[in-house]
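Before any comments, here is the structure.
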Amino acid sequence: MEDARKTTRRQRDPYRDLIMPCQALVATHTTAEIVEYGYFRGHPVVCLAGEDGERSADDLTPTVDAAGVSIERPCVQCGLLAVPDGPDPCLGLLPGVRAACCGHGVDEPYVWLDCTVRGQQALDYFSHSGVGPPEDDDARRRA
């Protein structure tokens, strides 16, 4: 019988391990309350109380400029810099794909075609297409 206390990756809160580091980073800049936590291309981001946009947790710079264009940082997985509001830099535009994400080393990768493919199947799709994050043992363990 399977242990009911064990959770799958999909059921587990992926941001649980993000909260304390974000609180520590943000505390060096402000006492504002953090109302949301997340990632943007693998970088920790937060939303502060009373604000609409996300900020990078390490230095509180906005993730979007005044014109609404993404302020990009290199992907923590592949090190490549995306074009603002463009596709993941290691994937590019894939034919027939509605959306895709390499996971940036923190989230589950996915490919949305007619259906959504996640995890190792998504990584296999990227590899078959000749794109995607580097294939190393650490990247495969995170997927």
Side-chain angles (χ1 to χ4, degrees), residues 3-113 115-143:
D3 185 350
R5 292 173 294 176
K6 287 185 177 180
T7 59
T8 65
R9 178 172 170 77
R10 192 174 285 192
Q11 293 170 328
R12 187 179 60 204
D13 179 6
Y15 301 123
R16 182 190 64 199
D17 296 333
L18 177 65
I19 294 171
M20 288 182 58
C22 279
Q23 289 173 339
L25 288 167
V26 170
T28 64
H29 301 285
T30 183
T31 58
E33 177 188 5
I34 302 171
V35 294
E36 288 185 37
Y37 301 84
Y39 290 101
F40 181 67
R41 301 222 196 264
H43 295 274
V45 295
V46 295
C47 289
L48 302 176
E51 294 186 0
D52 292 332
E54 294 178 334
R55 294 180 172 273
S56 296
D58 62 350
D59 61 6
L60 296 185
T61 58
T63 58
V64 177
D65 67 16
V69 177
S70 296
I71 298 171
E72 295 293 334
R73 291 183 173 193
C75 170
V76 298
Q77 176 98 343
C78 67
L80 299 173
L81 187 64
V83 173
D85 298 323
D88 285 0
C90 65
L91 302 180
L93 296 174
L94 297 166
V97 172
R98 295 179 183 186
C101 179
C102 70
H104 309 289
V106 293
D107 285 322
E108 184 177 47
Y110 70 87
V111 179
W112 179 22
L113 299 145
C115 63
T116 303
V117 178
R118 297 187 176 279
Q120 187 57 51
Q121 288 180 317
L123 292 174
D124 291 345
Y125 179 88
F126 299 149
S127 180
H128 178 74
S129 299
V131 298
E135 289 191 38
D136 61 28
D137 291 337
D138 291 336
R140 287 203 176 272
R141 277 194 291 275
R142 287 188 297 261

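Values reported hereafter were calculated over all heavy atoms of this structure, with side chains retained and with hydrogens, waters and symmetry mates removed.
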Non-hydrogen side-chain atoms of Cys75 and Cys102 separated by less than 4.5 Å: yes

Pairing residues for Asp65 by the salt bridge (Lys or Arg N to Asp or Glu O under 4.0 Å) criterion, not counting sequence neighbours: none

Residues which pass salt bridge (Lys or Arg N to Asp or Glu O under 4.0 Å) with Glu54, listed by chain and number, not counting sequence neighbours: none

From CD (Glu33) to CD (Gln23), nearest 0.5 Å: 10.0 Å

Expected output: side-chain His43 to main-chain Glu72 donor-acceptor under 3.5 Å: no

Side chain His104, main chain Tyr39, donor-acceptor under 3.5 Å: no

Ser70/Phe40 under side chain to side chain contact (heavy atoms under 4.5 Å, CB included): CA gap, chis, key distance, verdict: CA-CA 10 Å; Ser70 296; Phe40 181 67; 4.0 Å; yes

Interatomic distance, Arg41 atom CZ to Cys78 atom SG [nearest 0.5 angstrom]: 9.0 Å

Residue pair Thr61, Asp59: steps toward the side-chain hydrogen bond (donor to acceptor under 3.5 Å, both in side chains) verdict: CA-CA 6 Å; Thr61 58; Asp59 61 6; 3.0 Å; yes

Interatomic distance, Tyr110 atom OH to Leu123 atom CG [nearest 0.5 angstrom]: 13.5 Å

Working for side chain to side chain contact (heavy atoms under 4.5 Å, CB included), residues Val26 and Ile34: CA-CA 8 Å; Val26 170; Ile34 302 171; 3.9 Å; yes

Sole candidate of Val131, Leu80, Leu81 that passes side chain to side chain contact (heavy atoms under 4.5 Å, CB included) when paired with Pro89: Leu80

4.5 Å side-chain heavy-atom contact, Gln77 and Cys90: no

Evaluation steps, side chain to side chain contact (heavy atoms under 4.5 Å, CB included), between Arg98 and Leu113: CA-CA 6 Å; Arg98 295 179 183 186; Leu113 299 145; over 6 Å; no

Under-4.0 Å salt bridge between Arg118 and Asp107: no

Residue pair Asp88 / Cys101: nearest heavy atoms and the distance that separates them: OD2-CA, 3.1 Å

Minimum heavy-atom distance Phe126-Gly132, with the two atoms named: CB-CA, 4.0 Å

Side chain to side chain contact (heavy atoms under 4.5 Å, CB included) between Val69 and Ile71, intermediate numbers included: CA-CA 6 Å; Val69 177; Ile71 298 171; over 6 Å; no

Glu36, CD: over 12 other non-hydrogen atoms inside 6.0 angstrom: no

Closest approach of Leu25 to Thr28 (non-hydrogen atoms, all atoms of both residues): O-OG1, 2.7 Å

Gap between atom CZ of Arg73 and atom OG of Ser56 - 0.5 Å precision: 3.5 Å

Nearest heavy atoms of Pro44 and Leu18, plus distance in Å: CB-CD1, 3.4 Å

Spacing of OH belonging to Tyr37 relative to CE belonging to Met20, to within rounding of 0.5 Å: 10.5 Å

Atom pair CG (Leu94) and OG (Ser129), whose distance is rounded to the nearest 0.5 Å: 5.5 Å

Test item: Thr116 side-chain N/O and Trp112 main-chain N/O as donor-acceptor pair under 3.5 Å: no

